[in-house]
**Q** 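Could you have a look at this structure, given as structure tokens, before my questions?
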Amino acid sequence: MAARILHRLRHALAGEGGREERVRGGSEAEDFPESSELEDDTEGLSTRLSGTLSFTSHEEEEEEEEEEEEDGAGVELAEPLQPTGAAAGAEDGERPGGSLLTRQLQELWRKSRGSLAPQRLLFEVTSASVVSERSSKYVLYTIYLIRSGRFDKAPAAIARRYSDFERLNRRLRCRFGCDMAGIAFPRKRLRRNFTAETIAKRSRAFEQFLSHLHSIAEIRRSPEFLEFFFLQDLRAAQRLTCTGMYREALAAWANAYRLQDRLGVCGSGRFLLTLAGLAVCHQELDELGEAHSCCEQALQLLEAQGSHPLLGPFLQAHVHLAWKVGKDKRRSEARLQDLREAGPPLQQQPTLKECLIKEPLE
């Protein structure tokens, strides 16, 4: 009996001890909850890192998605659209909108060819040099004539001093007093005429002076204004031709030609004389093709004129040069025959070179 009671007591004590150990173990687990969570996180992290690493950012992922969308759109656009109705009929022939636009552009092009804007002539002083002679000292201004909107292979240039501009200003004021009233001209100075500042100011003033003169139609067409540019070259070219210096004369005739071309006076008597000088110098230098071209240009200008002092000499020179270079001369021979029947014998007419020498250039 006593033994049975003692066994139950030991068994009860043993049960209470197990409960205390379980309670103690649970409290320890509650006191350190982080350990279990850390173990879980470590296992999860190991699991995540065991896969493939990707270094693509979120923005790059968006760009890839956009490219995929664009590729998809391209695939969709690549599919041909099936035209329906009037559109299908338009594809068989010309599209009505495209042909209308083409006709409008062609019409605008035809109109623009007939209404070209006038070219503007610019005057630019490119250099100025002080010239010292025995009895005088002056500044020589080099002026280029430039057509806006065009490229000229060879320049048209003049070299003038202050006294040349002053003479032009005086002559124009005597003839065109009202038009010249509002045009300024640089005054002459007694001192400091050769300083860089004075030369620069006068250069700009001469450019404005010539531009203002050219903007007035009556002055632009006046002989005083035109001869200011090319009369000196014509005189020099004539003098060099008379002395047999044909290469130097050719350069002077060519510059006079370009000046008259820029100024728009290619139908005047001075221009015909310039073509005669070019033809003579080219012929003397054995440049027969260029001489023939100058005669042809002169005869085209004389086409509408029944009689002109240079018509006979130009026709004779053209026939001779055409025979030399192997060109057609029948038209010129027919015109010569008409002159022979209507006027004095051609033997009494001077040659082209004689006309150059005898022509007065005042």
Side-chain angles (χ1 to χ4, degrees), residues 152-156 226-227 229-361:
D152 297 315
K153 295 181 179 179
L226 296 173
E227 292 175 356
F229 290 95
F230 54 80
L231 185 58
Q232 290 187 18
D233 287 277
L234 291 178
R235 289 172 176 171
Q238 186 185 49
R239 182 174 63 254
L240 292 169
T241 304
C242 293
T243 56
M245 301 176 68
Y246 298 110
R247 182 63 64 184
E248 293 79 2
L250 181 62
W253 288 118
N255 191 59
Y257 177 95
R258 291 190 294 269
L259 288 169
Q260 294 174 83
D261 178 54
R262 304 292 193 278
L263 294 167
V265 288
C266 296
S268 63
R270 302 290 195 193
F271 190 71
L272 288 171
L273 185 68
T274 303
L275 289 174
L278 288 171
V280 169
C281 290
H282 280 304
Q283 186 175 2
E284 294 292 339
L285 295 171
D286 203 24
E287 298 171 352
L288 303 182
E290 290 79 357
H292 178 264
S293 298
C294 294
C295 291
E296 277 196 338
Q297 186 177 359
L299 290 176
Q300 289 176 1
L301 294 174
L302 293 169
E303 185 75 28
Q305 300 186 23
S307 61
H308 191 277
L310 291 176
L311 179 57
F314 266 120
L315 286 172
Q316 293 186 63
H318 185 261
V319 170
H320 175 71
L321 290 169
W323 177 77
K324 286 279 188 180
V325 299
K327 299 287 185 178
D328 186 14
K329 54 186 176 60
R330 289 173 296 179
R331 181 175 176 80
S332 295
E333 288 177 336
R335 295 181 69 181
L336 270 176
Q337 183 64 30
D338 294 340
L339 283 178
R340 189 178 291 112
E341 295 174 355
L346 293 177
Q347 290 78 8
Q348 299 180 3
Q349 291 189 0
T351 63
L352 208 56
K353 185 176 181 179
E354 292 173 347
C355 291
L356 280 179
I357 296 174
K358 297 178 180 179
E359 180 70 20
L361 291 174

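Source: prediction; values computed, not measured. All residue numbers refer to positions in the sequence shown, counting from 1.
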**Q** Please report the closest heavy-atom contact between Val319 and Ser332, naming both atoms and the distance.
**A** CG2-CB, 3.6 Å
**Q** Tell me, do Phe271 and Gln297 make a side-chain contact under 4.5 Å, heavy atoms counted?
**A** yes
**Q** What heavy-atom pair brings Ala156 and Asn255 nearest, and what distance separates the two atoms?
**A** CA-OD1, 3.9 Å
**Q** Taking the side chain as every heavy atom from C-beta outward, state whether Lys353 and Gln283 have any pair of such atoms under 4.5 Å apart.
**A**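 Sidechains of Gln283 and Lys353: no contact.
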**Q** For the pair Glu290 (side chain) and His282 (backbone), establish whether a donor and an acceptor sit closer than 3.5 Å, ignoring hydrogens and angles.
**A** no
**Q** Supply the atom-to-atom distance Ser293 OG to His318 NE2, rounded to the nearest 0.5 angstrom.
**A** 8.5 Å
**Q** Cys281: what forms a side chain to side chain contact (heavy atoms under 4.5 Å, CB included) with it, not counting sequence neighbours?
**A**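 In terms of side chain to side chain contact (heavy atoms under 4.5 Å, CB included), with neighbours along the sequence ignored, Cys281 is linked to Thr241, Tyr246, Ala249, Leu250, Trp253.
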**Q** If I take atom NZ from residue Lys329 and atom CG from residue Leu321, how far apart are they, to the nearest 0.5 angstrom?
**A** 12.5 Å
**Q** Nearest 0.5 angstrom please: Cys294 SG to Leu299 CG, how far?
**A**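 Nearest 0.5 Å value for the SG-CG distance: 11.0 Å.
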**Q** Quick one: closest heavy-atom pair of Phe314 and Leu272, and the distance?
**A** CZ-O, 3.7 Å
**Q** Which heavy atom of Gly312 sits nearest to which heavy atom of Leu336, and what is that distance?
**A** O-CD2, 4.3 Å
**Q** I need the Leu275 CG to Leu310 CG distance, nearest 0.5 Å.
**A** 9.5 Å
**Q** If you round to the nearest 0.5 Å, how far is CD of Glu333 from CZ of Arg330?
**A**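 Rounded to the nearest 0.5 Å, the CZ-CD separation comes to 9.0 Å.
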**Q** Within a radius of less than 6.0 Å around CZ of Arg331, do more than 12 heavy atoms belonging to other residues, nucleotides or ligands occur?
**A** no
**Q** The test is side-chain contact (heavy atoms from CB on, under 4.5 Å); show your working for Arg270 and Leu234 and say whether it passes.
**A** CA-CA 8 Å; Arg270 302 290 195 193; Leu234 291 178; 4.1 Å; yes
**Q** Quick test of your reading of the model: are Glu303 and Arg335 salt-bridged, counting only N-O distances below 4.0 Å?
**A** yes
**Q** Search all heavy atoms of Ala291 against all heavy atoms of Ala279 and return the closest pair with its distance.
**A**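 For Ala291 versus Ala279, the nearest heavy atoms are CB-O, 3.5 Å.
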**Q** Return yes if some donor-acceptor pair links the side-chain N/O of Gln238 with the main-chain N/O of Glu359 below 3.5 Å, else return no.
**A**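 Pair found, side chain donor or acceptor close to backbone of Glu359.
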**Q** From Leu352 CG over to Gln316 CD, what is the distance, rounded to the nearest 0.5 angstrom?
**A** 9.5 Å
**Q** For Ser268 and Gln260, work out which heavy atoms get closest and say how close.
**A**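 That would be OG-OE1, 4.0 Å.
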